[in-house]
Amino acid sequence: MLDINLIRSNPDMVREKLARKGYEVNFAEFLELDANRRQLIGETERLKAEKNKTSAEIPKLKKEGLDTTEVMARMKQVSDQTREIDEQLAELNARQQSFLEALPNLPADDVVAGGKENNEVIKVVGTKPEFAFAARHHVDIVEKLGIIDYTRGAKLGGSGFWVYRKDGALLEWALLNYFMSCHLRDGYEMMFPPHILTYQCGYTAGQFPKFKDDVFQLRRDDGEDFTHFILPTAETALVNLHRDEILSEEELPLKYFAYTPCYRKEAGSYRAEERGMIRGHQFNKIEMFQYTTPEQSDAALEELVAKAAELVEGLGLHFRISKLAAGDCSASMTKTYDIEVWIPSMDDYKEVSSASNAGDYQSRRGNMKFRRQSTGKTELMHTLNASGLATSRILPALVEHYQQADGSVIIPEVLRPWMGGREKIEVK
RNA sequence: GGAGAGAUGGUCGAGUUGGUUUAUGGCACCGGUCUUGAAAACCGGCGAAGGUGAAUAGCCUUCCGAGAGUUCGAAUCUCUCUCUCUCCGCCA
């Protein structure tokens, strides 16, 4: 959510920045509504002040044995009047709220306008692998090795699910262990959050109400609307950890990571082009998350990107880092870097990590603050998140990069400690 | 799933025959006096959001788990919901 004072004091600046995200808005009606709203607040508060003052007098008058019927009649009038104004106010507040919560975050000053086409590749690591034989698609490789079972995955969960088996399961677990060991080394706190979250969690993250139909929703037996959902990313959980809290400045930055599967409906996604495990309804991901002061968040974003890049680099995969244009960033984010790994069979780079700074956008939605030591005042925190990493695209990239002519796959050195020290996954 | 108890501003904890409580008091914390320094003692301060202000000054409004209701007036009465704790049952 944006700062309403910013819109009041500088609507043109806000409008211009939102336009860079491709979001057109006119604040004229909003500002008029806001002025109207504030006038009503003044009216009702004056009446309430009178009510409070008089109410204190009533017991005194009664004690003196005076007649209070006239005063009470006047108070009844005041009461009815405030009730009427408060009803109008409630409606204006609701309208203002839904307008405000629909506005995306403002892009950072160094983020260029426009959509995907304006994304800028800022770093390329490694080179495209070359093969002296006919390179295979990852689906063919893993099926031949018998380490991913798509057929039975679909039998269990339907289209968009798979089963990791044997060395595939081990490899998946090795990747997660490798990621986690790096985060622990860097002093991030490990946690396992619930996978089923309340509606409020999606709201704070900035994913709801707009994208509430993209998640798997859970309804109570008698409920019309859903109260819980299965998390689409651990970010949704981590961003709510300190909701409605005031932290002390010395605690910041707080650095967390969590492993969870991610569950997404992906309704209407193009499956044909993305054969295999590029886009499934469930995938494993480790998410990094930071709570910072406003002045810490720029450096925190750089740290998160560097960490994610280090993980991919450690696996020896070819990848690039893109700085997203304003329109390609998620609604909640001021600035986003994507790390995209090369998938030979697709002749393309695919996102394996997205690192973003939400500024105070999520904090305002979730009322997440810290107390500034120098002033003693509360301020909104900044929140940042980055995958570190999702495995569903790493594993395909990995088996394609490291495939051998005989169908076996070399295991990157960093994963071997979790693969029984072996160097290769062999065709049996 | 059944029964019971509870939820008060950082924390502990008063207040529930509705009205001089503007939400006691202790602790913690902050400032000051005292002290070579510290402790103790004493004095003062000490929640959040909003409106109006140039104001981080005043003044006003709201908030006692959440929402609705009764009333001139609700922490206190009524209803619904959420969460926590205890006991019983069931269970990986």
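Only this structure's heavy atoms are used, side chains among them; waters, hydrogens and symmetry mates stay out. Not measured: the values here are computed from a predicted model. To find a chain, count down the sequence lines: A is the first, B the second, and so on, and within it residues start at 1.
Across the strands present, B/C63 finds its partner in B/G47; the criterion is a Watson-Crick or G-U wobble pair with both atom distances under 3.5 angstrom. In this structure B/C91 sits in no base pair that meets the Watson-Crick or G-U test at under 3.5 Å. When both pairing distances are held under 3.5 Å, B/U70 makes no Watson-Crick or G-U pair with any nucleotide shown. Taking a pair to require two hydrogen-bonding distances under 3.5 Å in either a Watson-Crick or a G-U wobble arrangement, B/A23 remains unpaired. In this structure B/U56 sits in no base pair that meets the Watson-Crick or G-U test at under 3.5 Å. Figure legend. B/A39 is base-paired to no nucleotide; pairs are counted as Watson-Crick or G-U wobble with both atom distances under 3.5 Å. A 3.5 Å limit on both hydrogen-bonding distances identifies B/U86 as the Watson-Crick or G-U partner of B/A3.
Nucleotides B/G31 and B/U22 are separated by 25 Å at their C1' atoms, to the nearest Å. Only the C1' atoms considered, B/G19 is 24 Å distant from B/C59, to the nearest whole Å. B/U8 and B/G26 have their C1' atoms separated by 16 Å, given to the nearest Å. Taking atom C1' on both nucleotides, B/G18 is separated from B/A23 by 15 Å, rounded to a whole Å. Distance check on atom P: B/U56 versus B/G47 gives 16 Å, rounded to whole Å. As rounded to the nearest Å, B/G6 and B/C12 have C1' atoms that lie 16 Å from one another. Comparing the P positions of B/G13 and B/A75 gives an interatomic distance of 22 Å, to the nearest angstrom. Comparing the C1' positions of B/A48 and B/G44 gives a spacing of 23 Å, expressed to the nearest Å.
Of the two residues contacting RNA chain B, namely A/Pro59 and A/Lys369, the nearest-nucleotide position lying further toward the 5' end is that of A/Pro59.
Between A/Tyr259 and A/Trp173, the two ring planes are perpendicular [angle over 60°; tilted spans 30° to 60°]. Between A/Phe99 and A/Phe30, the ring planes are parallel. Angles under 30° get that label, and only those over 60° would be called perpendicular.
In this structure, CD1 of A/Ile4 is placed 15 Å from P of B/A49, rounded to the nearest angstrom. We find that CG of A/Leu61 is positioned 17 Å from P of B/G19, with the value rounded to whole Å. Rounded to whole angstrom, the span from the NZ atom of A/Lys60 across to the P atom of B/U22 amounts to 10 Å. The distance from atom CD of A/Glu57 to atom C1' of B/U22 is 14 Å, rounded to the nearest whole Å. Atom-to-atom, CD of A/Gln97 to P of B/A49 comes out at 16 Å; the value is rounded to the nearest Å. Atom CD of A/Glu250 is separated from atom C1' of B/C30 by 13 Å (rounded to the nearest Å). As rounded to whole Å, 12 Å separates atom C1' of B/C29 from atom CD of A/Gln373.
Near RNA chain B, meaning a heavy atom under 4.0 Å away, there are no residues from residues 190-209 of chain A.
Remark: A/Arg371 is not in phosphate contact with B/C29, judged by side-chain N or O atoms under 4.0 Å from OP1 or OP2.
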Discussion item. So if I define the base as every atom that isn't primed, P, OP1 or OP2, how would nucleotides 51-74 of chain B read as a B/S/- string at a heavy-atom cutoff under 4.0 Å?
Written reply: SS-------BBS-------S-BS-
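Of the listed residues (A/Glu235, A/His382, A/Arg243, A/Gln207), just one forms a side chain to side chain donor-acceptor pair (under 3.5 Å) with A/Gln362, and that residue is A/Glu235.
Annotation: salt bridge (charged side-chain N to carboxylate O under 4.0 Å, His left out) contacts of A/Arg15 (sequence neighbours excluded): A/Asp12.
Geometrically, A/Arg264 does not engage A/Phe216 in a cation-pi contact, judged by NZ or CZ lying under 6.0 Å from the ring centre and within 45° of the ring axis. Judged by a 6.0 Å distance limit and a 45° cone about the ring axis, A/Lys155 is not positioned over the six-membered ring of A/Tyr150.
Judged purely by distance below 3.5 Å, without hydrogens or angles, the side chains of A/Asn240 and A/Gln200 never pair a donor atom with an acceptor atom. In the model, A/Glu251 has a side-chain atom that pairs as donor or acceptor with a side-chain atom of A/Ser248 under 3.5 Å.
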Practice prompt. Please step through side-chain contact (heavy atoms from CB on, under 4.5 Å) for the pair A/Lys307 and A/Tyr188, ending with a clear verdict.
Written response: CA-CA 11 Å; A/Lys307 274 176 62 62; A/Tyr188 282 60; 3.5 Å; yes
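A/Asp149 and A/Arg165 are joined by a salt bridge, as a carboxylate oxygen and a charged side-chain nitrogen come within less than 4.0 angstrom of each other.
Heavy atoms of A/Thr378 sit under 4.0 angstrom from primed sugar atoms or phosphate atoms, though from no base atom.
Around CD of A/Glu16, the count of heavy atoms belonging to other residues, nucleotides or ligands within 6.0 Å exceeds 12.
Syn is the conformation of B/G53, whose glycosidic angle sits no further than 90° from 0.
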